[in-house]
Every structure is written in C-alpha cells, then in structure tokens.
Amino acid sequence: QLQLVESGGGLVQPGGSLRLSCTHSDFSLPLYPIGWFRQAPGKEREGVSCISSSDGRTYYADSVKGRLTISRDNAKNTVYLQMNSLKPEDTAVYYCAADPRQTIQAMCHYPSSISDDYWGQGTQVTVSS
C-alpha cells in the first residue's frame, strides 16, 4: 500500500497561486509515475496533470495548460503542482496518486483505474474572492 500525503491547499483569490506537494515518508516516489487529480462537489474525479517516473515527461488537461506546472524534486522525494492564475472553477479537493502500471496519459484520463492503495487523502483548494 502506498498512501501518499498531499499538502499546500488553502483559500486563494482569483488570479492567485498555490503550490501543492505530494510526498511519502517510506516509498521512493521517483520510481513511480505520479498524477494530480481533482474532484469538485457533484463532479467526477478528473486528471489534472501527470509526470512520468523516468524521463520527466508530463501531461496536462486542456483546462489547466499554461497555468499549472507539475514537477519532481527527487532529492526531497516530492512531486509538486504549481498553480498560477487560479480561477473559481479550479476549486476542488486535489489528490495525488501513483500507478506503476500505466502511461501518464492513461493515468490522467482514467483515474478510476488507479488502485485505492495508491491515493493520498486530498487537500482542499478554494478559489474565491
């Protein structure tokens, strides 16, 4: 079981920025493709951005391209999601997850296919004035 830990959420005004972090104290995250996902009230969980384990390839949902950036700091065993120019529609609980079996495109398109063992508990992001 790989229960990831997210942090960095909060309340921010439209146009503001946040940086989310995803880490784990025991497992080496550089070995895993990692994705960021979000779920707004009444909506399905959707993939936001995913990053490969080996060569740093990234994938972004169209709705966040140019505003959100996913990155790794292997020395800190952490994956980040830098969120800029935030909009009210970005409000959601943000989760990170790992999946060693899938491509990053598949991870981001089909979050329901990721085992429950590979998810974090989520962090709330609220964009409001």
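Everything numeric in this text was worked out from a predicted model, so none of it was measured.
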>> Are more than 12 heavy atoms, taken from residues, nucleotides or ligands other than Glu89, located less than 6.0 Å from that residue's CD atom?
In response: yes
> With a 4.5 Å heavy-atom cut-off, do Tyr59 and Met107 have their side chains touching?
Replying inline: no
>> For a side chain to side chain contact (heavy atoms under 4.5 Å, CB included) check, start with the C-alpha distance between Trp36 and Cys22, then their side-chain angles and the critical distance, and finish with the verdict.
In response: CA-CA 9 Å; Trp36 282 99; Cys22 173; 3.5 Å; yes
>> Within the structure provided, determine whether Met83 and Tyr94 are in side-chain contact (heavy-atom separation under 4.5 Å).
In response: yes
>> Determine whether Arg38 and Lys43 satisfy the following criterion, side chain to side chain contact (heavy atoms under 4.5 Å, CB included), listing intermediate values before the conclusion.
In response: CA-CA 9 Å; Arg38 66 186 181 188; Lys43 294 188 176 181; over 6 Å; no
>> Assess, by modelled atom type and distance only, whether the side chains of Thr23 and Asn77 contain a donor and an acceptor separated by less than 3.5 Å.
In response: no
>> Using modelled atom types and a 3.5 Å cut-off, is there a donor and acceptor pairing between side-chain atoms of Gln39 and backbone atoms of Val93?
In response: no
> Could you walk me through whether Leu81 and Ser49 pass the side chain to side chain contact (heavy atoms under 4.5 Å, CB included) check?
Replying inline: CA-CA 8 Å; Leu81 185 67; Ser49 182; 4.2 Å; yes
> Are Asp62 and Lys65 within salt-bridge range, i.e. N to O under 4.0 Å?
Replying inline: yes
>> Below 30° counts as parallel, above 60° as perpendicular, anything between as tilted: where do the rings of Tyr32 and Tyr118 land?
In response: tilted
> Think Arg45 forms a cation-pi with Tyr95, using NZ or CZ under 6.0 Å from the six-ring centre and within 45 degrees of its axis?
Replying inline: yes
> Among Leu20, Asp73, Ile51, which one satisfies side-chain contact (heavy atoms from CB on, under 4.5 Å) with Val79?
Replying inline: Ile51
> Should the heavy atoms of other residues, nucleotides or ligands under 6.0 Å from CG of Asp117 be counted, would the total exceed 12?
Replying inline: yes
> Is any side-chain heavy atom of Pro88 closer than 4.5 Å to a side-chain heavy atom of Pro14?
Replying inline: yes
> Just checking, is any N or O donor in the side chain of Gln82 or Ser71 under 3.5 Å from an acceptor N or O on the other one?
Replying inline: no
> How about Leu29 and Asn74: do any of their side-chain heavy atoms sit closer than 4.5 Å?
Replying inline: no
> Going by heavy atoms in the side chains, are Ser53 and Arg72 under 4.5 Å from each other?
Replying inline: yes
>> Apply side chain to side chain contact (heavy atoms under 4.5 Å, CB included) to residues Leu18 and Leu86 and explain how you reach the verdict.
In response: CA-CA 8 Å; Leu18 284 173; Leu86 284 164; 4.3 Å; yes
